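Submitted below is the structure of interest, expressed as structure tokens.
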Amino acid sequence: MKTPPESFLLFKEELRKAQLEKERLKKDYENKLADVNQELARLKEQIRSQQDMMRTTLEYASNLEVRLEQFKDEVNRFENQRKKSIY
């Protein structure tokens, strides 16, 4: 059997090196993508936590607002009763 030409062997070696480099780059890309996805998941969790905190704060503020209105009404009723009882 005839041996292949040297240029073919060189091409074959270069092709093998290119394939190895391609695999290495693919693994690097996949690792970086996994890191980015992990960071994205962490950021999503932080956003969810901040949204929950904001929701809780708004609910608390709304509750305080309602209680303040009730207190003002109570004070006004007390003042009205006091005025009526004096005269």
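Values below: every heavy atom of this structure, side chains too, minus hydrogens, waters and symmetry copies. Since we're looking at a predicted model, the values are computed, not measured.
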side-chain contact (heavy atoms from CB on, under 4.5 Å) assessment of Arg77 paired with Glu74: CA-CA 5 Å; Arg77 276 196 307 272; Glu74 190 176 315; 4.0 Å; yes
Nearest 0.5 Å, please: how far is CD in Glu21 from CG in Asp28? 8.5 Å
Would you mind writing out the side-chain donor-acceptor pairs for residues 63-71 within the sub-3.5 Å range, not counting sequence neighbours?
none

Is it true that atom CD of Gln46 has more than 12 heavy atoms of other residues, nucleotides or ligands lying nearer than 6.0 Å?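 Counting neighbours around CD of Gln46, more than 12 heavy atoms of other residues, nucleotides or ligands fall under 6.0 Å, so yes.
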Ion pair Asp52/Arg48, N-O distance below 4.0 Å: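 Looking at Asp52 and Arg48, the cut-off is not met.
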Single hit among Asp35, Leu43, Asn37 for side-chain contact (heavy atoms from CB on, under 4.5 Å) with Glu39: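 Of all the options given, the one that passes is Leu43.
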Does Glu79 come within less than 4.0 Å of Arg82, counting only side-chain N to carboxylate O? yes
Spacing of Met54 atom CE and Ile47 atom CD1 [to the nearest 0.5 Å]: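 Rounded to the nearest 0.5 Å, the CE-CD1 separation comes out at 11.5 Å.
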Would you call Glu45-Arg42 a salt bridge at under 4.0 Å N-O?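 Salt bridge flag = no for Arg42 with Glu45.
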